Amino acid sequence: MYQNIVNFIKELYGQDNVPLSVPKFIGNEKKYLNMCIDTTFVSSVGKFVDRFENDMAVYTGAKRAVVCVSGTNALHMAMMLAGVEREDEVLTQALTFIATCNAISYIGAHPVFIDVDKHTMGLSPDAVKAWLAEYGEVRNGQCYNKKTGRRVKACVPMHTFGHPVRIEELAAICEEWSLELVEDAAESIGSKYKGKHTGLFGKVGVLSFNGNKTITTGGGGMLLFNDEELAALAKHLTTQAKIPHRWEFRHDHIGYNYRMPNINAALGCAQLEHLDEYIADKRSTATAYAEFFKHIEDVQFFTEPEHCFSNYWLNAVILKDHEAQQNFLQETNDHGVMTRPIWELMSRLPMFEHCQHDKLENTIFFADRVVNIPSSVRIADVQS
Ligand SMILES: *Cc1c(COP(=O)(O)O)cnc(C)c1O
């Protein structure tokens, strides 16, 4: 039934077995890695760490960027920097990768799941506003949940598959309700809302450089800041909170060993040199998909929202119903085209099923219908 789609994707990629999303190394990766080994700077000290942070700050327009070992621990750090504490609540999406909720849980805080928008697949300002109108109450400059009595400290939208949410509206709501805005921009490197890079609209933004993301450092993450002082605190906390000194070991805080090693940063520097090329390539793939699916009944290709520039990290189609989604997954995977459903909703997982949520109407609509289709960069490999 979906044979024409399978054929189209194989032709697009010129492959008989098409993976979902694999990394691409066509630049200085080997050269920079060799420099690390030749100089012995493979670990927690080295020039690639500073360079990667500086290059990324320039690329995104952040005041400062701080690298971490993974996107997940960058999110954990972001929660701490936002002042989230044990037994606080954090408004977020049920339609996200588990890392968002794990980071909230590491603090001992509780996620509250709010619906997403039809046009972004990310947190809906309308739904957040409606939830706050029903349950929110601001006392002494702090927001509380009238139902649980707990403090609602932060709001964490996620830019699903690289498509920016309506972030300006969310920022305004957070301002009005005294919530800290933390963006999970793990999937949206290079994606912009009204020309401004995602991750820069709130207190802190988080990127990921995991192997399946748009560019990779093997494993890695990053914090983006508009605030120099907060960035300096992040740097301090992610490096064991050691007071700088040539030989003394003194620490002034419970710190974390969250610093990205130099070899991973070296990979990141090389990858970043080709990021814009990768994004242009991914956008051309998305254009080809959009054109093709225009003529396919009952399969809708998801395109970037209004006012947005999307990196199209993972392409997504929306099937007619849950049964069609399952059939599509079966048939494509059986025939060498790797596809996968959108994540199981956080609100359905045993760790989070007790958490408060709204009706999650659009969330459930997407969970039943969305499938990700192959999205790797198509630029030819250079042989060395
Ligand atoms: C990839 C990702 C992360 C971070 O994952 P790491 O593998 O720890 O780098 C966080 N949130 C979302 C939504 C992601 O897709």
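Atoms within each ligand, like the ligands themselves, are counted from 1 in listed order. All of these numbers come straight from a predicted model, not from anything done at the bench.
- Heavy-atom distances between Gly220 and ligand 1 reach below 4.0 Å in at least one pair.
- One finds the CZ atom of Arg348 at 11.5 Å from the CD atom of Glu353 (value rounded to the nearest 0.5 Å).
- Summary of contacts: the protein heavy atom closest to atom 3 (C) of ligand 1 is Ala186 CB, 3.5 Å.
- When ring centroids are compared, His163 and Tyr312 come within the 6.0 Å threshold.
- Residue Trp343 has no N or O atom closer than 3.5 Å to an N or O atom of ligand 1.
- Atom 15 (O) of ligand 1 has Glu187 OE2, 2.5 Å as its closest protein atom, hydrogens excluded (heavy atom only).
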Exercise for review: Starting from the C-alpha separation in whole Å, work towards a yes-or-no answer on side chain to side chain contact (heavy atoms under 4.5 Å, CB included) for Lys242 and His251.
Suggested key: CA-CA 4 Å; Lys242 183 178 179 296; His251 307 260; 3.7 Å; yes
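- Among all non-hydrogen protein atoms, the one lying nearest atom 11 (N) of ligand 1 is Asp184 OD2, 2.9 Å.
- Side-chain atoms of Gln325 come within 3.5 Å of backbone N or O of Val370 as a donor-acceptor pair.
- The proximity of Asn212 to ligand 1, defined as any non-hydrogen pair under 4.0 Å, does not occur for either the backbone or the side chain.
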Exercise for review: Decide yes or no on side chain to side chain contact (heavy atoms under 4.5 Å, CB included) for Val67 and Phe52, but give the supporting numbers first.
Suggested key: CA-CA 8 Å; Val67 280; Phe52 191 40; 3.6 Å; yes
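- Taking distance alone, with nitrogen or oxygen atoms compared against 3.5 Å, Gly71 approaches ligand 1 more closely than that limit.
- For atom 2 (C) of ligand 1, the nearest non-hydrogen atom of the protein is Lys213 NZ, 2.7 Å.
- Between Asn73 and Tyr106, the side chains place no donor N or O within less than 3.5 Å of an acceptor N or O (distance only, hydrogens not considered).
- In this structure, CG on Leu20 lies 9.0 Å from CG on Asn333, to the nearest 0.5 angstrom.
- Proximity to Ser70 (heavy-atom distance under 4.0 Å) selects the following atoms of ligand 1: 8 (O), 9 (O).
- Looking only at atom types and distance, the side chain of Thr120 has no donor-acceptor partner in the side chain of Arg166 under 3.5 Å away.
- The ligand atoms of ligand 1 that sit less than 4.0 angstrom from a heavy atom of Met158 are 13 (C).
- The protein non-hydrogen atom at the shortest distance from atom 9 (O) of ligand 1 is Ser208 OG, 2.7 Å.
- When only non-hydrogen protein atoms are considered, atom 8 (O) of ligand 1 lies nearest to Thr72 OG1, 2.5 Å.
- Looking at ligand 1, you won't find any N or O of Thr96 less than 3.5 Å from one of its N or O atoms.
- Put simply, the side chain of Asn311 gets close to the backbone of Ile189: a donor and an acceptor are under 3.5 Å apart.
- Annotation for ligand 1: atoms under 4.0 Å from non-hydrogen atoms of Leu75 are 10 (C).
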